Amino acid sequence: MADAYIVDAVRTAGGRRNGKLAAWHPADLAGEVLNALLTRSGVDPAAIEDVILGCVTQAGEQGFAFARNAVLASRLPESVPAVTIDRQCGSSQQAVQFAAQAVLSGTQDIVIAAGAESMTRVPMFTNVSLHQKAGLGGGPVSGRIAERYGVKEFSQFQGAEMIARKYGFDRDTLDRFALESHRRAAAATLSNAFQKEIVPVAVSTAEGTVDHVRDEGIRYDASLESIGSVKLLKEGGVISAANASQICDGASAALIVSERALKSHDLSPIARIHSFVVTAGDPVIMLEEPIRATKIALERAGLKIDDIDLYEVNEAFAPVPLAWLQALHADPAKLNVNGGAIALGHPLGASGTKLMATLVHALRSRGKRFGLQTMCEGGGIANVTIVEALGA
């Protein structure tokens, strides 16, 4: 049976909105992680058969064949094709799964899965809002969809509130989870746990040009009081900006290859893609689907939740991983061990390969075997990818 291997997985350190990565054109930022994979693996750039790149807000600087522009902004030769995909927050996790499918099918041997998003330069929802302001059509929810579901729009913020109510989470519970995310991310940063996954990116400061190598959103002095003082997004609700993911600029990538490529290019894998699924469910509550997707993924893989050593469940909103833990009876000590998107940021289309980089390197540094990654996505979709770490 064919296997798909991860040779390396990398990411930039996150940049806050209007922060250290704000001056970077997103195509150039994506080019940086593509270059890093080439340098670190030593693979011949001309041997790359495709680049599959996730991006959510495909407009402006992230429009017009964004993945192709990332290739042209990198050291890859112009003969390397590329495609941009949008599965909302799971875009680059889906890129990993598409790359694995290409390798497993035998149609390609060396594929890069990647993601990039500059939420500073191409703000979230502007691919819709700018059209509406210009009087070009309505929104993405057609009259037929609205009639079917009884809503005027699908809201991830409303979905997060619905999950919190369904699973009985009050604000204090969510804020405590958010605080733990910052504490874990701070501890991981101070212990250099991210060193092997982060690609240095040159940025200009008042002191001159320096390498950006630390995630900018971590609050090292966070406290329950400071998190609890942040205004709620909805009166009477429980979600605030402090217990939700941070707006973030960033890019990430993974090199996915076949066993044949390992031998012919003398490559050493760091992980094997064990199994993966993508499922879809209720688009109104929207963010609950990782629970069902995980159950299906584990059953197909012949594994139980206790067989998994580490989990990366994207912290889009605190109720999402908390509901996942509760429904799966999973061990919270294994969840997002180096912090999550509440502290580290959620650069939308880049988050899938970003989490994959963190998961694989965390498994290897701890001498663990199986890791599971899942992501809630707009429209009620969820990806789950199970990986097996190799080497140390």
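Keep in mind that this is a model prediction, so the values were computed, not measured.
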Among side-chain atoms of [X] and [Y], is any donor-acceptor pair under 3.5 angstrom?
X: Thr385; Y: Gln93; value: yes
X: Asn127; Y: Gln58; value: no
X: Arg214; Y: His212; value: no
X: Gln62; Y: Ser118; value: no

Quick check against the 3.5 Å criterion: does [X] have a side-chain atom that pairs as donor or acceptor with the backbone of [Y]?
X: Ser252; Y: Val10; result: no
X: Arg171; Y: Gly228; result: yes
X: Arg369; Y: Ala389; result: no
X: Asp309; Y: Gly371; result: no
X: Arg183; Y: Gly339; result: no
X: Ser92; Y: Gly349; result: yes
X: Glu117; Y: Val56; result: yes
X: Gln373; Y: Ile386; result: no
X: Thr374; Y: Asn383; result: yes
X: Asp44; Y: Ala46; result: yes

State whether [X] and [Y] are salt-bridged, where the test is any N-O pair (Lys NZ or Arg NE/NH1/NH2 against Asp/Glu carboxylate O) under 4.0 Å.
X: Arg16; Y: Asp215; answer: no
X: Asp109; Y: Arg260; answer: yes
X: Arg11; Y: Glu197; answer: yes
X: Glu147; Y: Arg144; answer: no
X: Glu299; Y: Lys295; answer: no
X: Glu288; Y: Lys166; answer: yes

Original post:
Looking at Leu37 and Leu255, what are the two nearest heavy atoms and their distance?
Top reply: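 Heavy atoms of Leu37 and Leu255 come nearest at CD1-N, 3.8 Å.
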**OP:** Work out which heavy atom in Pro319 is nearest to a heavy atom in Ile239; give both atom names and the distance.
**Re:**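 Minimum heavy-atom contact is CG-CD1, 3.6 Å.
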Original post:
Should Ile342 and Phe177 be marked as a side chain to side chain contact (heavy atoms under 4.5 Å, CB included) after you check the CA-CA gap, both sets of side-chain angles, and the distance that decides it?
Top reply: CA-CA 9 Å; Ile342 290 172; Phe177 182 86; 3.9 Å; yes
**OP:** Report the C-alpha separation of Arg176 and Glu180 in whole Å, then their side-chain angles, then the decisive distance to 0.1 Å, and conclude whether the salt bridge (Lys or Arg N to Asp or Glu O under 4.0 Å) test is met.
**Re:** CA-CA 6 Å; Arg176 288 181 184 277; Glu180 182 63 16; over 6 Å; no
Subject >> Within 45° cone and under 6.0 Å: Arg300 NZ/CZ vs Phe276 ring >> reply: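 So Arg300 doesn't make the cation-pi contact.
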